[in-house]
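For reference, the structure is listed below as C-alpha cells.
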Amino acid sequence: MEEGVRPAPCRAKGGAPGFKVAVLGAAGGIGQPLSLLMKLNPLVSVLHLYDVVNTPGVTADVSHMDTTAVVRGFLGPNQLEAALTGMDLVIIPAGLPRKPGMTRDDLFNKNAGIVRSLCEGVAKCCPNAIVNLISNPVNSTVPIAAEVFKKAGTYDPKRLLGVTTLDVARANTFVAEVLGIDPKDVNVPVVGGHAGVTILPLLSQVHPPCSFTPDEISYLTKRIQNGGTEVVEAKAGAGSATLSMAFAAAKFGDACLRAMRGDAGVVECSYVASAVTELPFFATKVRLGRAGAEEVLPLGPLNDFERAGLEMAKKELMESIQKGIDFMNK
Ligand SMILES: NC(=O)c1ccc[n+]([C@@H]2O[C@H](COP(=O)([O-])OP(=O)(O)OC[C@H]3O[C@@H](n4cnc5c(N)ncnc54)[C@H](O)[C@@H]3O)[C@@H](O)[C@H]2O)c1
Ligand SMILES: O=C(O)C[C@H](O)C(=O)O
C-alpha cells in the first residue's frame, strides 16, 4: 500500500520577496492553466488556489513545480476568507462558460451571484488588492463588482480591472496573419467591452502603422468580435476559450504585478471605470501603476467606420452596465 503524504520535516524558509496572488475558480478550464502560469511567474511569492471543487488535487499538482511561489489550496466557501487574506492581486475566472448558441449575457443569471459573493470576500479580506475580473459577462460583472465594493465602502476604481486581453491577443494574431508578420511585433488597441459589437478593434491605430483594404477591415473586425464564439463552436459543447484565456490572463496579471513593483510605461487595454465616453465603464488602453489603473488613456483619432462601431458598442454596453447595477440594487 502506498504511504500517505506526511508533513515534510523541513527547515523554515524565509519569505521570498514578491506578491501574493489568489486565483478564484482555480480548478476550472481557465483556472488550472492560469495557476500553472502564475506559478511560473518570478514576481509571485505566494499563490492561493481557491475553488468550490477539486482544489486539493490541482494544488498538489501545481505545488510540485520547482519554481519560487509557495502554493496553498482552499476548498469551498468556508475557506474563502483564508484564501483571500493578505492577497495583493486576485484573479477571478470563476463561473460558467458558454455553450454553442448562447451569448455571454445568457451566463448572467448564474455568474452574477458567483462574482458578487467572491467580491464580498475581497472587500472583507483584502480590500486593497487589485482585482482582475475574467468571469462573463464581463460588461456586467465589472459593474457588479464595483457595486459590491461601493456597498462595502472599499471601492477604488483604479483597483478593479475587467480582463479584455484575449481580445487584444486575438486581434494581434489575426492582423499579423493578414500582414504576414510575427504577432509579437503587432499591437492592436481593442476598446469598448467584451461581447460581440462592444469589442471594437481600432485597426486605424495598429502598431506598426499599416493600412487595410475595406475587405480586410470587414474580415478582421468580424473575426475579432466573433473570436470567442469561434472557439465555443469549435469546442462543440465542451466550453469556451481556456488555454488562450489563461495565457492572456497570465500576461495581464504579469503586467499588473510589474506595475505594482514600480515599472514605468506598463500600458494594457482593460475594461475599467472611465470618463472616456459618457458610460461609467469602458475598455481602452490604461497605464498601470502601483495603485492599479492609474491613468485611463483616451481613444485617439477614430475613422468613420470606427465611429459608427463606437455608437453600436455604447448602446449595447449601456444596457449591460445597467443590468449589473440593477442586480446589486434590486
Ligand atoms: N474575459 C474573458 O476574455 C473570458 C475568456 C474566456 C472565458 N471567460 C469566462 O471565464 C469563466 C470561466 O470559464 P472556464 O472555461 O474556466 O469555466 P469552467 O467551468 O471550466 O471553470 C469555472 C470554475 O469556476 C468554479 N466556480 C464556480 N462557482 C464558484 C464559486 N462560487 N467560487 C469559486 N469557484 C467557482 C467551478 O467550480 C469551475 O472550476 C466563464 O464565465 C467564461 O465565460 C472569460
Ligand atoms: O466567448 C466566450 O464565451 C468566452 C470568452 O469571453 C471569449 O472571448 O473567449
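Start at 1 with the first residue, then count along the sequence. Counting starts at 1 for both ligands and their atoms, following the listed order.
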For atom 1 (O) of ligand 2, what is the closest protein heavy atom, and at what distance to 0.1 Å? Arg98 NH2, 2.7 Å
Going by the order shown, which atoms of ligand 1 are within less than 4.0 Å of some heavy atom of Gly29? 16 (O), 18 (P), 20 (O), 21 (O)
Under 3.5 Å between some N or O of ligand 2 and some N or O of Asp167? no
I need the contact type for Val163 against ligand 1. Using non-hydrogen atoms and a strict under-4.0 Å cut-off, is it side chain, backbone, both or neither? backbone
Honestly, for Glu230 the part within reach of ligand 2 (heavy atoms, under 4.0 Å) is neither
Work out whether the distance between some heavy atom of Gly239 and some atom of ligand 1 is less than 4.0 Å. no
Using a strict cut-off of 4.0 Å, indicate which atoms of ligand 1 neighbour a heavy atom of Tyr50. 32 (N), 33 (C)
Note the single closest protein heavy atom to atom 6 (O) of ligand 2, along with its residue, its atom name and the distance in Å. His194 NE2, 2.5 Å
Nearest heavy atom to atom 8 (O) of ligand 2, choosing from Arg170, Gln225, Lys99, Met245, belongs to Arg170
Take Asn111 and Thr141 through the test side chain to side chain donor-acceptor pair (under 3.5 Å) and record every step on the way to the result. CA-CA 8 Å; Asn111 290 354; Thr141 53; over 6 Å; no
Should one rank Asn136, Val58, Ile199 by closest heavy-atom distance to atom 8 (N) of ligand 1, which comes out on top? Asn136
If we set the cut-off at 4.0 Å for heavy atoms, which region of His194 has an atom near ligand 1: side chain, backbone, both, or neither? side chain
Would one find an N or O of Thr229, backbone or side chain, under 3.5 Å from an N or O of ligand 2? no
Where on Leu24 is there a heavy atom closer than 4.0 Å to ligand 1, on the side chain, on the backbone, on both, or on neither? neither
Among protein heavy atoms, which lies nearest atom 44 (C) of ligand 1, and at what distance? Ile134 O, 3.0 Å
